[in-house]
Amino acid sequence: MNKEPVSRELFDNVMVPNYAPGSIIPVRGEGSRIWDQDGREFIDLQGGIAVSCLGHSHPGLIGALQEQAGKIWHLSNVMTNEPALRLAKTLCDLTFAERVFFANSGGEANEAAFKLARRYSWEHTGPQKHEIISFKNAFHGRTLFTVSVGGQPKYLEGFEPAPGGIHHADFNDLESVKKLISKEKTCAVVVEPIQGESGVVPADPEFLKGLRQLCDDNDALLVFDEVQSGVGRTGHLYAYEMYDVVPDILTSAKGLGGGFPVAAMLTTAKVAGSLGVGTHGSTYGGNALACAVAQKVIDTISQPDILKGVKARSDQLRSGMMDIGERYDVFSEVRGPGLLLGCVLTEKWQGKAKEFLNAGLDEGVMVLVAGANVVRLAPSLIIPDTDIEEALGRFEAAVKRLTA
Ligand SMILES: *Cc1c(COP(=O)(O)O)cnc(C)c1O
């Protein structure tokens, strides 16, 4: 086995240069603490980008993984398996869904959702009803279809031609959707209830309600991309519950496996009917190990006291960040529900979000950015309040130094 020591420098010699990772290499985590190769400790407010919803080394997740690892890992979809069936049943019991398709990443779950939307309209209406309406600044993944439906042109640059029939409206602007939607051509409207990557921008409740109505009026499917907003992040199992707007298709990933790669597309029995035998698939989708871990995540997160705890932790973190923001004049606003928070930089600090991330690392706290103007926080949903307090202290030290 290769046990040679490795360092960050090796990245540039062996990895495709599509990422720019930080200089430290974390090697161990427990709860909301992480240690790097040199034994330096960090408080983790990144949560693996809204993935590690139960923190690191959660005993329940380790137990679920180890138990399944000793039974059976993989069967392919030539056979079904017990963990996949149980997880699908659980997701149907807890949500609007009646049918579930498993995938391995958010992009893959969205790919399935967009293909299903097209196939459904093709089957029930005809091939002309294939247009997808999504939103500027949206993020839906990096496959060619999902990056085309996404609303950040820079991610598509050089990869064209993109799939056709995709239109981008303005987020939180119903009128802009009305101009694009039609009964003849539109098969789906795709939206993140809270735009994550582009700066933690929540949809207005009236906007999502209006989209539901527009979709109903035009026989189009409403697709919620809850890859980032799902699995307890908002203090609800899924954000659609908070908005009281039920989609036809919902995608879930990131937090679903708590760090183990797994994703799901949830939908109704009627819509699911359009992905008949042989129309779509995934070798690893519904993998027994992945589903066993996700089961433990969902069983844990869906407890009312955990979801209520998200609200309390959110209040603590939000008021702490607003306080720092005001005292050092760095944040104009802290937005987002639950434990998906976007701290919006003031005029003076525009474009400098990355500096806050780096200053945080120097003080032993890991934060995220979302674009160049927003510091994003997406910690474990069960981060202890003492860790939040200490993280705020470290972040304040970082801001103090940055603004000195
Ligand atoms: C992260 C993200 C994706 C992509 O998920 P991957 O697992 O990276 O493919 C899609 N949609 C949203 C809203 C996301 O935040």
Side-chain angles (χ1 to χ4, degrees), residues 16 18-19 21 46-53 101-117 132 134-152 154-156 159 166 168 171-172 188-203 208 211 222-234 236 238-240 242-243 247 249-266 282-285 287 290 293-294 297 335-342 368-371 374 376-379 381:
V16 169
N18 62 311
Y19 302 118
Q46 295 183 338
I49 314 192
V51 166
S52 310
C53 55
F101 170 80
F102 288 118
N104 313 289
S105 67
E108 269 184 60
N110 283 330
E111 184 84 18
F114 306 161
K115 282 181 70 179
L116 171 57
I132 292 173
S134 61
F135 295 92
K136 290 173 192 161
N137 298 321
F139 185 77
H140 299 300
R142 298 292 200 133
T143 68
L144 190 55
F145 198 0
T146 56
V147 87
S148 305
V149 173
Q152 303 187 53
K154 65 169 192 250
Y155 290 150
L156 193 54
F159 298 118
I166 299 165
H168 295 95
F171 191 66
N172 277 335
V189 175
V190 178
V191 67
E192 295 162 88
I194 298 129
Q195 284 194 336
E197 294 305 306
S198 64
V200 189
V201 189
L208 291 188
L211 288 184
L222 181 60
V223 181
F224 278 3
D225 179 345
E226 291 226 33
V227 168
Q228 190 154 162
S229 62
V231 194
R233 191 60 39 201
T234 61
H236 301 260
Y238 287 98
Y240 82 86
M242 175 176 83
Y243 282 103
I249 302 176
L250 180 152
T251 54
S252 182
K254 290 203 164 91
L256 186 58
F260 200 96
V262 57
M265 175 187 73
L266 315 183
S282 160
T283 295
Y284 281 130
N287 172 274
V293 175
V297 170
R335 67 190 174 203
L339 285 171
L340 183 58
L341 298 179
L368 291 165
V369 303
V374 174
R376 175 174 39 162
L377 308 176
L381 305 183

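Hydrogens, waters and symmetry mates are skipped; everything else that's a heavy atom, side chains included, is used. Counting starts at 1 for both ligands and their atoms, following the listed order.
Under the 3.5 Å distance criterion, the side-chain polar atoms of Arg376 are left unmatched by any main-chain donor or acceptor of Leu368.
Between the side chains of Asn110 and Thr146, no donor N or O sits under 3.5 Å from an acceptor N or O. Using modelled atom types and a 3.5 Å distance limit, the side chains of Ser252 and Tyr238 yield a donor-acceptor pair. In this model, no donor atom of one side chain and acceptor atom of the other lie less than 3.5 Å apart for Gln152 and Glu197.
Under the salt bridge (Lys or Arg N to Asp or Glu O under 4.0 Å) criterion, Lys115 pairs with no residue, sequence neighbours left out.
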What are the atom names and distances for all N or O pairs under 3.5 Å between ligand 1 and the protein?
residue	atom	partner	partner atom	Å
ligand 1	7 (O)	Gly106	N	2.8
ligand 1	9 (O)	Gly106	N	3.4
ligand 1	9 (O)	Gly107	N	2.7
ligand 1	11 (N)	Phe139	O	3.2
ligand 1	11 (N)	Asp225	OD1	3.4
ligand 1	11 (N)	Asp225	OD2	2.7
ligand 1	15 (O)	Gln228	NE2	2.7
ligand 1	15 (O)	Lys254	NZ	2.6

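Residues Tyr240 and Phe224 keep their aromatic ring centres 6.0 Å or farther apart.
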